Chemist: 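Submitted below is the structure of interest, expressed as structure tokens.
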Protein chains: 2
Amino acid sequence: MSMDAVFKALADPTRRQLLDNLHARNGQTLNALCKEMGMTRQGVSKHLAILEEANLVVTRRRGREKEHYLNPAPIAEIADRWIGKFEQGRLRALADLKKRLEGPSDE
Amino acid sequence: MSMDAVFKALADPTRRQLLDNLHARNGQTLNALCKEMGMTRQGVSKHLAILEEANLVVTRRRGREKEHYLNPAPIAEIADRWIGKFEQGRLRALADLKKRLEGPSDE
DNA sequence: TATATAGGCAACTAATTGGTTGCCTGTCAA
DNA sequence: TTGACAGGCAACCAATTAGTTGCCTATATA
């Protein structure tokens with residue numbers, strides 16, 4: 001679960017979209033995820049493998065199906081240990097204020 | 001300043017190290033940054049160009065020198081608008097994950 | 001059992017990336 | 001004015017990556 005693997009996994013828009021899909025509906029199978037991506041099953045499978053390698057997605061076998069679950073822990077770790085250091089001070093306060101004014105939202 | 005450019009810029013360990021260097025001492029020139037990286041000047045220059053493209057670094061010409069400054073705004077934006085979404089349901093998701101992953105499994 | 005379904009593995013291609021070397025421009029200072 | 005210094009531009013190379021196609025195994029079900 002190296003930090004580099006997480007950053008690299010997050011660098012691809014297709015993989016971020018996969019995380020978004022799982023965030024919207026957790027536990028989807030490979031074929032279910034394929035239908036939302038304009039890509040072959042094998043293409044999606046490779047991206048999922050990279051997300052698994054970064055521990056951003058964990059899976060569970062259910063018979064012949066494989067359920068994919070989002071694991072937000074590595075993202076939280078990055079936010080805490082790396083991004084936090086660049087957010088300190090005034091910008092952090094502004095971001096917080098902005099969030100409060102916009103109210104709690106998923107987007 | 002697309003989000004994709006920021007993610008891609010952050011994906012490389014050399015570029016993250018450059019940001020760390022600027023975080024430690026802001027306004028360094030290209031040659032100053034080169035001395036801390038085991039790389040040619042042109043290699044560092046390319047990385048800096050990518051960071052500039054993502055607006056993570058802004059520059060100021062001073063005669064024949066070019067000072068590089070860290071701009072934390074895009075990082076704050078990512079943390080606020082994207083990572084926050086996955087951190088929000090962090091505890092709930094982890095509990096949910098734990099529950100689902102319990103039970104008989106061949107992994 | 002036979003067949004359709006869910007997924008895995010491997011090879012291959014095309015594009016991108018990280019890094020190099022070589023040369024050029026612009027600026028400062030003796 | 002002349003040389004040294006800071007940086008930019010472009011070509012090039014090796015390694016990685018995104019995506020494909022083809023074939024394979026395993027499981028569920030008519």
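Here the structure is a predicted model, which means the values were calculated and not measured. To find a chain, count down the sequence lines: A is the first, B the second, and so on, and within it residues start at 1.
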Chemist: Can you name the closest pair of heavy atoms from A:Val6 and A:Pro74 and give their distance?
Modeler: CG2-CB, 3.8 Å
Chemist: According to side-chain hydrogen bond (donor to acceptor under 3.5 Å, both in side chains), does anything in residues 24-40 of chain B pair up with another residue at least two apart or in another chain? List the pairs.
Modeler: none
Chemist: Describe, as an angle rounded to 10 degrees, how the axis at the first end of the helix from C:dT1-D:dA30 to C:dA30-D:dT1 is tilted relative to the axis at the last end, five pairs per end.
Modeler: 20°
Chemist: Whole Å only: how far is the CD atom of A:Gln42 from the C1' atom of C:dA11?
Modeler: 13 Å
Chemist: For B:Arg62, enumerate each residue passing the salt bridge (Lys or Arg N to Asp or Glu O under 4.0 Å) test, keeping only those at least two apart in sequence or located in another chain.
Modeler: none
Chemist: With a cut-off of less than 4.0 Å, is there a side-chain N or O of B:Ser45 near OP1 or OP2 of D:dG8?
Modeler: yes
Chemist: Who passes salt bridge (Lys or Arg N to Asp or Glu O under 4.0 Å) against B:Glu52, sequence neighbours left out?
Modeler: B:Lys66
Chemist: Please find the pair of heavy atoms, one from A:Leu22 and one from A:Gly27, that lie closest to each other, and give the distance.
Modeler: CD2-N, 4.4 Å
Chemist: Between the protein and nucleotides 24-30 of chain C, which nitrogen or oxygen pairs come in under 3.5 angstrom?
Modeler:
residue, atom, partner, partner atom, Å
C:dT27, O2, B:Arg64, NH1, 3.3

Chemist: Could you tell me which non-hydrogen atom of B:Ala79 sits nearest to which non-hydrogen atom of A:Ile83, and how far apart they are?
Modeler: CB-CG2, 3.6 Å
Chemist: Of the options C:dG18, C:dG8, C:dT21, whose atoms approach the side-chain atoms of B:Lys46 most closely?
Modeler: C:dG18
Chemist: Check the distance between D:dA6's C1' and B:Gln28's CD and give it to me in whole angstrom.
Modeler: 15 Å
Chemist: When you measure from the side chain of B:His47, which nucleotide among C:dG18, D:dG8, D:dT20 comes out closest?
Modeler: C:dG18
Chemist: If you define the side chain from C-beta out and look only at heavy atoms, does anything of A:Trp82 sit under 4.5 Å from A:Phe7?
Modeler: yes
Chemist: Rounded to whole Å, please give me the gap between CZ in A:Arg16 and C1' in D:dA18.
Modeler: 15 Å
Chemist: With clusters built from Ile, Leu, Val, Met, Phe, Trp and Tyr whose side-chain heavy atoms come within less than 4.5 Å, directly or transitively, what are the remaining members of the cluster of B:Tyr69, listed by chain and number?
Modeler: B:Val58
Chemist: Nearest-Å distance, NE2 (B:His68) to C1' (D:dG8)?
Modeler: 11 Å
Chemist: Would you say B:Thr29 reaches D:dA6's phosphate, i.e. side-chain N/O to OP1/OP2 under 4.0 Å?
Modeler: no
Chemist: Nearest-Å distance, CD (A:Glu65) to P (C:dA4)?
Modeler: 18 Å
Chemist: Please set out all donor-acceptor pairs under 3.5 angstrom arising from side-chain atoms of residues 9-21 of chain B, sequence neighbours excluded.
Modeler:
residue, atom, partner, partner atom, Å
B:Asp12, OD1, B:Thr14, N, 2.8
B:Asp12, OD1, B:Thr14, OG1, 3.4
B:Asp12, OD1, B:Arg15, N, 3.1
B:Arg15, NE, B:Ala9, O, 2.9
B:Arg15, NH1, B:His47, ND1, 3.1
B:Arg15, NH2, B:Lys8, O, 3.2
B:Arg16, NH1, B:Leu10, O, 2.8
B:Arg16, NH1, B:Ala11, O, 3.3
B:Arg16, NH2, A:Asp4, OD1, 3.0
B:Asp20, OD1, A:Lys85, NZ, 3.0

Chemist: Can you check the B:Lys35 NZ to D:dC5 P distance for me, whole Å?
Modeler: 11 Å
Chemist: Output the rounded distance in Å from CG (B:Asn31) to P (D:dA6).
Modeler: 5 Å
Chemist: Measure the spacing between CG of A:Leu51 and NZ of A:Lys46 and express it to the nearest 0.5 Å.
Modeler: 14.0 Å
Chemist: Which pairs, protein N/O on one side and nucleotides 14-17 of chain D N/O on the other, fall under 3.5 Å?
Modeler:
none

Chemist: Provide, to the nearest angstrom, the distance between the CE atom belonging to A:Met37 and the C1' atom belonging to D:dA18.
Modeler: 12 Å
